[in-house]
Peer 1: 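Got a structure here, written out as structure tokens. Questions coming.
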Amino acid sequence: MVNVAGRSKGCSTCRRRRVKCDESRPICTRCQNCGLVCDGPKDRTFIKSTIVKSRRTLPKTLPPVFLKGNEFETYVCYSLQYLTRGGLLEVSFRGISSVGVSGTDMTVLSGRLSHQVVMSFATIFFGTRHKQASITKRGYAIHGVALSKINQAISDRTYCTHEELLLSVLTLAVSETLVSTGPGNNIKHMRAVEALFWPYENDIQISASLSQLYLAAQHMVIFSALHTREPSILAKPYWKRLFRSICPKHQLHQHDVFEILADCSVLIANGEKLLTHGQLHTGTHSYQRRLIRQEALDLLAHIRLWRERWDCDERNSYFETTLPTSSKTDALPFRTISIFHDEYAARMFMFYNTTLIYVLQILQSVEFENLSIQPHHNVNLQHFSQDSVRFEGISDGNAQQEFSAQMQAVLNISRTIPYYLDQISLTGYETSPLPHWALATVWSKLRGSESATGRWLMELLLEKNPGLARVMPALASRW
């Protein structure tokens, strides 16, 4: 190894584009005119180097360089930093970094619908985050073409395969979480995902790749059904059987919770139907209320058994550690946070408590004459202790017990978030969108920054995950 002095060689952006850098500081003028992010010319530095073969011995023919591909490669690589590792969008991004885009009609040169969608997201996301209006505008142009092609594919099923269409709509729904193209568009895309399930109901032939897409779409389908107060298709026996058959063995306990949430969507929709038909003070209304309550109690029994099984695995155990005292934590209704065996256990604990909140909300709603089930109904944690609330007594119609158990679930999630943020900070990526849903649920319940716990959570997010802090209030507003 030898140390050698290195001269300024222009900026890395210019080298990638194979143009001469004009050495302007702090940013290369050519890059600035093209709307590219530029790290500026490098100063004289000392680098470590090894002796290499003479360049005369290397092949003289170099691989061709496509400037469009290189340009979009920057957008794709940047966006990958914010995606769930192994998740839907990361899979969609594979092999697309070198795909160019036509400058005339804004279509991807590969011709694939999913590539069109991914490229639109990456370009918009990069442009908005770097405040590059020209790049963002180009991204919206690519996005418009993507929407047009999706509509064409929906009306003409020979345009592309069902899997390609489903992957494209799924990608749109995920991308709307990070960079919204309009109010409510993410829910619209999620509902479109469920609509693509219907024509294939009772279809016996399910390929391995389609099974993976169905599993990736599961949380979107249920989330959007709960948001719109419509029964989810995944509550139907056929889809329960199908998902159980394609679900990996190690994820079956997660699937059990999804089934409970799918059934919750049916109960919430039934409550809304009673209101719509004006049956508040009739015998039918009273009967339907009792029916909804009993079915909700059945779900509560299911989730209780799930928790008992979950507790039997020592890998799911956790302990409490004292929360560092500061002026920011003085007003919090708890003094400890939860530490788990690993990130997966923490994630499932938050998912369980999120599901418990929905079940308890349904029970709480049928205790009163007004059946309006409000997912965003807030709870006051100001004077609530962190003592564990037990399930016993809930089946006796104890509304206060239901309310207290719901608040306990909110606190359980809140006290798990610090550990979860530490874990994803260590790994550098997230493995599941489920914690985002838990965060959005808690943020909505806590009335955002109006509560001491909400302010503490936001400060925690800003410190450990600024990207999540930016999208979390928007996520909460959409549930």
Side-chain angles (χ1 to χ4, degrees), residues 88 166 169-170 173-174 186-187 189-203 206 210-248 251-273 288 291-307 309-310 347-348 350-363 365-366 373-375 406 409 432-438 440-441 478-479:
L88 173 69
L166 180 57
V169 178
L170 277 168
V174 175
N186 67 321
I187 296 297
H189 293 317
M190 289 182 188
R191 298 310 290 164
V193 169
E194 178 169 298
L196 291 178
F197 278 35
W198 284 96
Y200 290 83
E201 188 170 1
N202 299 320
D203 184 2
I206 300 294
L210 185 57
S211 296
Q212 291 301 312
L213 287 178
Y214 280 163
L215 289 172
Q218 189 176 20
H219 75 281
M220 290 187 190
V221 173
I222 296 178
F223 291 2
S224 60
L226 291 167
H227 176 81
T228 57
R229 298 168 180 78
E230 297 179 7
S232 171
I233 189 177
L234 299 187
K236 302 182 72 172
Y238 167 77
W239 288 100
K240 285 185 177 181
R241 290 193 301 270
L242 174 62
F243 271 85
R244 186 163 293 277
S245 67
I246 65 177
C247 183
Q251 292 183 4
L252 282 175
H253 60 297
Q254 178 176 289
H255 174 70
D256 291 339
V257 182
F258 272 124
E259 283 193 355
I260 294 174
L261 281 170
D263 290 337
C264 280
S265 71
V266 176
L267 296 185
I268 292 175
N270 289 342
E272 290 291 316
K273 191 179 300 183
Q288 292 293 339
L291 186 60
I292 291 174
R293 175 174 176 76
Q294 185 55 55
E295 291 178 346
L297 287 172
D298 291 342
L299 292 183
L300 187 65
H302 286 312
I303 201 169
R304 180 192 303 168
L305 291 173
W306 183 94
R307 177 64 188 275
R309 293 193 301 269
W310 192 79
R347 182 208 318 163
M348 288 306 303
M350 288 191 287
F351 187 34
Y352 153 78
N353 279 282
T354 303
T355 305
L356 181 59
I357 289 172
Y358 275 90
V359 176
L360 292 170
Q361 269 182 177
I362 297 171
L363 280 171
S365 69
V366 295
I373 302 172
Q374 302 294 336
Q406 189 178 165
S432 171
L434 296 180
H436 292 186
W437 190 17
T441 302
R478 294 165 189 169
W479 297 127

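The structure presented is a predicted model; accordingly, all values stated were derived computationally and were not measured. Values below: every heavy atom of this structure, side chains too, minus hydrogens, waters and symmetry copies.
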Peer 1: May I ask you to check whether E259 and H255 show a side-chain donor-acceptor distance below 3.5 Å?
Peer 2: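 Checked: E259/H255 side chains pair up, N/O donor to acceptor below 3.5 Å.
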Peer 1: To check you understand the geometry: which heavy-atom pair defines the closest contact between A409 and I357, and what is its length?
Peer 2: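 Scanning both residues completely, I find the closest heavy atoms to be CB-CG1, 3.6 Å.
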Peer 1: How long is the straight-line distance from CZ of F258 back to NZ of K240, given to the nearest 0.5 Å?
Peer 2: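 Output value for this atom pair is 14.0 Å.
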Peer 1: Are side-chain heavy atoms of L300 and L356 found at a separation under 4.5 Å?
Peer 2: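 L300 vs L356: side chains touch.
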Peer 1: Can you tell me how far NE2 of H189 sits from CD of E194, rounded to the nearest 0.5 angstrom?
Peer 2: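 It is 16.0 Å, given to the nearest 0.5 Å.
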Peer 1: Hey, would you say the F351 and W306 ring centroids sit under 6.0 Å apart?
Peer 2: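 F351 vs W306: aromatic centres not under 6.0 Å.
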Peer 1: For E230, check side chain to side chain donor-acceptor pair (under 3.5 Å) against everything at least two apart and list the hits.
Peer 2: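 E230 satisfies side chain to side chain donor-acceptor pair (under 3.5 Å) with R191 only.
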Peer 1: A side-chain contact here means heavy atoms from C-beta on lying under 4.5 Å apart; do V266 and S232 qualify?
Peer 2: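 SC-SC contact between V266 and S232 ruled out.
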Peer 1: Can you tell me how far apart CD1 (I268) and CG (L226) are? Round to the nearest 0.5 Å.
Peer 2: 5.0 Å
Peer 1: Do F223 and I187 come within less than 4.5 Å of each other through their side chains, counting heavy atoms only?
Peer 2: no
Peer 1: Would you say the rings of Y238 and F197 are close, in the sense that their centroids are separated by under 6.0 Å?
Peer 2: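 For F197 and Y238, the ring centres are not under 6.0 Å apart.
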Peer 1: Is the closest side-chain heavy-atom distance between L170 and M220 below 4.5 Å?
Peer 2: yes
Peer 1: Hey, could you give me the CG/CD1 distance between L297 and I292, rounded to the nearest 0.5 Å?
Peer 2: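 It is 12.0 Å, given to the nearest 0.5 Å.
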Peer 1: Any side-chain heavy atom of P248 within less than 4.5 Å of one from L215?
Peer 2: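 Yes - at least one pair of side-chain heavy atoms lies under 4.5 Å apart.
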Peer 1: Holding to ring-ring contact (aromatic ring centres under 6.0 Å, His included), I want the full list of residues that pass it with F243, two or more places apart in sequence or in another chain.
Peer 2: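 Listed in chain order: nothing, the list is empty.
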Peer 1: Are W310 and Y352 close enough that their ring centres sit under 6.0 Å apart?
Peer 2: no
Peer 1: Look up atom CE in M348 and atom CD in Q251, then write down how far apart they are to the nearest 0.5 Å.
Peer 2: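 If I round to the nearest 0.5 Å, the distance is 9.5 Å.
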Peer 1: Do the side chains of Q254 and V257 get nearer than 4.5 Å, heavy atoms only?
Peer 2: no
Peer 1: As an exercise, state the distance from OG1 of T355 to CG of L299, rounded to the nearest 0.5 Å.
Peer 2: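 So the gap between those two atoms works out to 10.5 Å.
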Peer 1: How close do I246 and S211 get, heavy atom to heavy atom, and via which atoms?
Peer 2: CG2-OG, 3.6 Å
Peer 1: What heavy-atom pair brings C264 and V359 nearest, and what distance separates the two atoms?
Peer 2: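 Heavy-atom minimum between the residues: SG-CG2, 3.6 Å.
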Peer 1: Could you check whether D256 pairs with R244 (Lys NZ or Arg NE/NH1/NH2 to Asp/Glu carboxylate O, under 4.0 Å)?
Peer 2: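 Salt bridge between D256 and R244, a charged N being under 4.0 Å from a carboxylate O: yes.
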Peer 1: Do Q361 and Q406 touch side chain to side chain, with heavy atoms closer than 4.5 Å?
Peer 2: yes
Peer 1: For T354 and L434: C-alpha separation, side-chain torsions, deciding distance, then whether side-chain contact (heavy atoms from CB on, under 4.5 Å) applies.
Peer 2: CA-CA 9 Å; T354 303; L434 296 180; over 6 Å; no
Peer 1: Are the charged groups of R293 and D298 less than 4.0 angstrom apart, N to O?
Peer 2: no
Peer 1: Determine whether L261 and W437 make a side-chain contact, defined as any pair of heavy atoms from C-beta on separated by less than 4.5 Å.
Peer 2: yes
